[in-house]
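Down below is the structure, laid out as structure tokens.
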Amino acid sequence: MKIKIYDDILTSLKKINVNCSDEFTVEIPNIIEHGDFSSNVALINTKIIKIKPRDLAQKIADDLSKKKDYKSIEIAGPGFLNFKLANHLYYKELKNIIAEQKDYGSSNYGQKKKVLIEFISANPTGPLNIVSARAGAYGDTLFRIMGHIGFEPFREFYVNDAGNQVDIFAESLEIRYRELHGHSIEEFPFEAYHGEYIKDLAVELNTIEGTKLFHMTEEDRLDRMKTFALAEIHRMQVASLDRFDVQFDNWMSEKKLRLEGILEEALSYLAEAGCTYEKDDAVFFSSTKFGDVKDRVLIKADGNPTYLVPDIAYHLTKYNRGFDIIIDVLGPDHHGHVSKLRAAIKALELDDSKLEVVFLQHINLLQDGEVVKMSKRAGKIVSMDDLLDEVGKDAARYFFINRKPSAHLDFDLELAKKKSSENPVFYCQYAYARINSIIKKAKKVKLSLKKFDVKNLSKLNKADELNLIKKMMDLGSVLNLCADNREPHRLAAYVHELAGMFHKYYAKYKIIDEGKADLSLARLYLISAVQNVISISLDLMGISSPKKM
RNA sequence: GCGCCAAUAGCUCAGUUGGAUAGAGCAACGGAUUUCUAAUCCGUAGGUCAGGGGUUCGAAUCCCUUUUGGCGUGCCA
């Protein structure tokens with residue numbers, strides 16, 4: 001609808017022969033007296049053309065008033081144009097909402113651009129924690145929204161299943177395995193993984209292998225430990241994600257990248273570009289040429305690559321796979337890393353404007369009012385499964401999506417555990433369930449929308465009713481904003497507002513009035529549309545729409 | 001030291017990309033159920049948008065600066 005008004009103004013500008021910037025906006029004003037939509041078109045052009053804002057506004061208003069689509073066009077303040085729409089436009093949109101069902105709000109806005117969203121990418125050395133849960137809710141919701149409005153999004157999880165940390169992980173398992181067989185351990189190494197789940201893994205491994213592993217060479221044994229542990233952890237992570245309704249289109253293995261020689265490929269490209277040099281027995285990347293603060297080591301003096309190399313190689317594959325937009329969703333402790341990566345991408349002569357990094361800010365986990373420190377190696381984790389056990393998928397997802405990514409998040413465990421009205425997800429779901437029960441009651445009194453004549457939509461003439469429709473038709477632009485800014489939290493706010501408008505409407509008006517069948521049916525039609533829009537919104541956030549609560 | 005992110009009601013956060021009188025939820029207080037679900041609604045109260053300066057018709061929003069907090073600045077990943 002904003003687009004329609006925008007186009008109307010453009011056409012009008014041409015007609016009255018005013019040549020000015022098309023960078024004006026059409027918005028829904030905060031204050032209801034300012035109309036349904038307002039535009040600043042006359043204001044932004046004061047410098048370019050020499051017409052007073054209010055005069056220009058008047059000319060546009062005069063022209064557009066000839067159309068039947070506007071109930072009124074007013075000029076306000078310094079020169080705002082305030083539009084009130086004719087009711088028939090609302091009814092037309094309402095019919096669309098009902099007709100399009102789950103497809104309402106979808107569009108080809110994304111122009112089929114291929115988008116790679118990499119998120120979570122947690123280390124394969126333990127169960128997923130609450131940080132991964134935030135990333136999961138965020139990345140998956142962004143995926144769903146972008147898919148709805150015509151992008152071609154792709155979800156990927158990068159598995160760091162090679163390198164130093166995986167060796168340490170295997171050694172940690174070895175220690176626990178030895179403990180099972182009565183080997184005394186003087187002191188558990190500090191850098192090893194301390195989590196209790198490793199003991200469980202050891203027990204599992206023991207039931208499969210028994211004492212067989214002791215007859216192997218140390219190298220073979222550790223290798224077996226590694227393979228077993230990685231597979232088990234992967235299985236655990238997939239299971240947790242399933243509970244959270246998060247799936248991936250691809251799990252990219254670092255080990256596989258290494259085996260396929262992509263690391264060497266990336267290194268040779270960098271060398272060809274003349275961006276590497278040797279010093280102190282190590283190979284350096286002259287990243288300072290590309291805006292980094294210092295040069296970085298690629299190959300350590302011991303001959304092993306640093307973590308940067310596989311990461312460059314991984315991003316090389318992202319580019320080679322032809323994505324138009326590459327989104328990395330990372331934790332806040334990785335931002336030092338991006339300047340290096342970006343430098344490498346420039347060195348490889350790839351278009352670094354395609355790469356976007358979203359940093360999800362820290363989560364402070366509060367328990368009894370105190371911050372709990374989370375660390376995998378110290379074994380103090382609140383796992384994603386714990387969270388799901390406590391608050392359930394719907395509340396957890398809403399909780400995470402409800403905040404913009406750049407905001408720090410205090411997660412109060414006690415509060416999140418409460419299944420009460422303090423949690424806004426119930427408010428939205430309740431609106432859906434309420435509508436459902438009204439429709440059920442309508443059937444009992446033989447009111448069926450099948451008998452509804454859309455001519456009777458004119459019965460919907462209360463401001464509250466038109467405002468509900470206005471809110472619903474804003475879905476498309478909300479989704480566009482969510483996608484463009486990579487900020488799905490806007491959808492959470494939107495559905496909460498829509499649910500609130502419905503609850504207020506419900507309290508004020510009776511939907512089913514058996515004496516007035518036409519009015520009742522018109523209102524049923526309206527709330528069915530509300531139900532549909534709430535359900536679409538919740539779906540896009542991966543939250544269920546319960547018929548009963 | 002340098003870099004990134006933040007600072008809005010007692011608390012947790014929005015704020016449609018620079019718009020008109022800064023909004024929700026929770027907490028507090030007062031009210032509404034013979035009724036389509038009270039997990040709801042109505043009302044009251046709560047603000048120097050961290051401080052200062054600048055840009056312009058117009059700033060919570062953009063620029064500069066100060067303060068405070070988080071994180072980064074490894075031949076760890």
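We name chains A, B, ... by the order of the sequence lines, and we start the count at 1 in each one. The basis for the numbers below is simple: all heavy atoms, side chains too, and nothing from hydrogens, waters or symmetry mates.
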Of all heavy-atom pairs linking Ser537(A) and Leu491(A), the shortest is O-CD2, 3.8 Å

In whole angstroms, the gap separating C1' of U40(B) from CD1 of Ile438(A) amounts to 12 Å

Regarding the side chain of His335(A), the nearest nucleotide among G3(B), C75(B), C57(B) is G3(B)

Rounded to whole Å, the CZ-C1' distance (Arg342(A) to C4(B)) equals 13 Å

### Message
Say we look at G10(B) and U65(B): how far apart would their C1' atoms be, to the nearest angstrom?
### Response
31 Å

Next item on the list: Verify whether one side chain among Asn160(A) and Glu254(A) offers a donor that lies under 3.5 Å from an acceptor in the other.
Entry: yes

Comparing nearest nucleotides in RNA chain B, the 5'-proximal residue of the pair Leu81(A), Ala282(A) is Leu81(A)

- C1'-based separation of U61(B) from C49(B) [nearest Å]: 10 Å

Note: contacts of residues 489-504 of chain A with RNA chain B (heavy atom, under 4.0 Å) are His489(A), Arg490(A), His496(A), His503(A), Lys504(A)

May I ask you to decide whether Asp328(A) forms a salt bridge with Lys318(A), counting only side-chain N to carboxylate O separations under 4.0 Å? yes

Heavy-atom donor-acceptor pair, Asn82(A) side-chain to A20(B) base, under 3.5 Å: yes

Mate of A27(B) across any strand shown (Watson-Crick or G-U wobble, both atom pairs under 3.5 Å) is none

A77(B) base / Thr306(A) side chain donor-acceptor hit below 3.5 Å: no

inquiry  = Please determine whether side-chain contact (heavy atoms from CB on, under 4.5 Å) holds for the pair Leu355(A) and Leu341(A), giving the CA-CA distance in whole Å, both sets of side-chain angles, and the decisive distance to 0.1 Å.
reply    = CA-CA 10 Å; Leu355(A) 175 68; Leu341(A) 184 63; 4.3 Å; yes

* Asked: Would Phe80(A) pass as stacked on A20(B), i.e. its ring centre under 5.5 Å from the base's six-membered ring centre and planes under 30° apart?
  -> yes

Of C36(B), U16(B), A20(B), the nucleotide closest to the side chain of Lys2(A) is U16(B)

Rounded to whole Å, CG of Asn123(A) lies from P of C76(B) at a distance of 16 Å

By the Watson-Crick or G-U definition, both distances under 3.5 Å, A6(B) is matched with U68(B)

For A45(B), the nucleotide meeting Watson-Crick or G-U wobble distances (both under 3.5 Å) is none

Checking N1-N3 plus N6-O4 or O6-N4 for Watson-Crick, or N1-O2 and O6-N3 for wobble, each under 3.5 Å, the partner of U16(B) is none

Exactly one candidate in Asn480(A), Val478(A), Asp484(A) meets side-chain contact (heavy atoms from CB on, under 4.5 Å) with Cys482(A); the answer is Val478(A)

Look at the side-chain N and O atoms of Arg296(A) and state whether any lies under 4.0 Å from the OP1 or OP2 oxygen of U73(B).
no

* To do: Report which part of the nucleic acid Tyr506(A) touches: base, sugar-phosphate, or nothing (heavy-atom distance under 4.0 Å, all strands).
  => base

Task: Short side-chain N/O contact to C2(B) OP1/OP2 from Lys294(A), under 4.0 Å - done: no

**Asked** Looking at Lys300(A), does any N or O in its side chain come under 4.0 Å of the phosphate oxygens OP1/OP2 on C76(B)?
**Response** yes

- Item | Rounded P spacing from G47(B) to G70(B) in Å | 28 Å

Across all chains, not counting sequence neighbours, the ring-ring contact (aromatic ring centres under 6.0 Å, His included) partners of His337(A) are Tyr307(A)

TODO: In plain terms, say whether Glu487(A) and Arg490(A) are close enough for a salt bridge, that is, a side-chain N and a carboxylate O under 4.0 Å apart.
DONE: yes

When rounded to the nearest 0.5 Å, the distance separating CZ of Arg134(A) from CG of Leu387(A) is 13.0 Å

pair_partner(G1(B)), Watson-Crick or wobble, both distances < 3.5 Å, evaluates to U73(B)

Scanning all shown strands, the Watson-Crick or wobble mate of U33(B) with both distances under 3.5 Å is none

Using a distance-only test with no angle check, is there a side-chain donor-acceptor pair under 3.5 angstrom linking His496(A) and Asn402(A)? no

Among C36(B), A39(B), C75(B), the one nearest any side-chain atom of Met549(A) is A39(B)

Gap in Å between the two P atoms, one belonging to G30(B) and one to U68(B), rounded: 42 Å

Sorted by chain and number, sequence neighbours left out, side chain to side chain donor-acceptor pair (under 3.5 Å) with Asp394(A) holds for Gln429(A), Ser544(A)

For the residue pair Arg523(A) / Tyr505(A), report whether a side-chain donor-acceptor contact shorter than 3.5 Å exists.
yes

Exercise for review: Determine the contact category for Ala76(A): base if any of its heavy atoms lies under 4.0 Å from a base atom, sugar-phosphate if only primed atoms, P, OP1 or OP2 are that close, otherwise nothing.
Suggested key: base

In whole angstroms, the gap separating P of A60(B) from NZ of Lys404(A) amounts to 16 Å

Applying a 4.0 Å non-hydrogen cut-off, can you work out what Ser477(A) is touching in the nucleic acid: base, sugar-phosphate, or nothing? nothing

Exercise. Which part of the nucleic acid does Lys508(A) contact within heavy-atom distance under 4.0 Å: base, sugar-phosphate only, or nothing?
Worked result: nothing

Hits for ring-ring contact (aromatic ring centres under 6.0 Å, His included) against Phe83(A), two or more places apart or cross-chain, chain-then-number order -> Tyr70(A)

Closest non-hydrogen contact found for Asn40(A) with Thr25(A) is OD1-N, 2.9 Å

Give me the distances for all protein-to-nucleotides 10-12 of chain B N/O pairs that come in under 3.5 Å?
| unit_1 | atom_1 | unit_2 | atom_2 | d |
| --- | --- | --- | --- | --- |
| U12(B) | O2' | Arg403(A) | NH2 | 2.4 |

Original post:
Between the side chains of Tyr509(A) and Asp464(A), does any donor sit under 3.5 Å from an acceptor?
Top reply: yes

Under a 3.5 Å limit on both distances, the Watson-Crick or wobble mate of C62(B) is G54(B)

Residue pair Asp484(A)/Lys441(A) against RNA chain B: nearer the 5' end by closest nucleotide is Asp484(A)

Quiz item: How would you label the contact of Ala433(A) with the nucleic acid (heavy atoms, under 4.0 Å): base, sugar-phosphate, or nothing?
Solution: base

Checking N1-N3 plus N6-O4 or O6-N4 for Watson-Crick, or N1-O2 and O6-N3 for wobble, each under 3.5 Å, the partner of U21(B) is none

Phe284(A) atom CZ is separated from G74(B) atom C1', nearest whole Å, by 11 Å

Suppose you measure atom P in G18(B) against the same atom in U12(B); what distance do you get, rounded to whole Å?
27 Å

Asp167(A) atom CG is separated from C76(B) atom P, nearest whole Å, by 14 Å

| message | Categorize Asp280(A) for me: base, sugar-phosphate, or nothing, with a 4.0 angstrom heavy-atom threshold over every strand shown. | response | base

message: Check Lys2(A) with Asp474(A), please: is the shortest side-chain N to carboxylate O separation under 4.0 Å?
response: yes

Contact check, residues 516-536 of chain A vs RNA chain B, heavy-atom distance under 4.0 Å, returns none

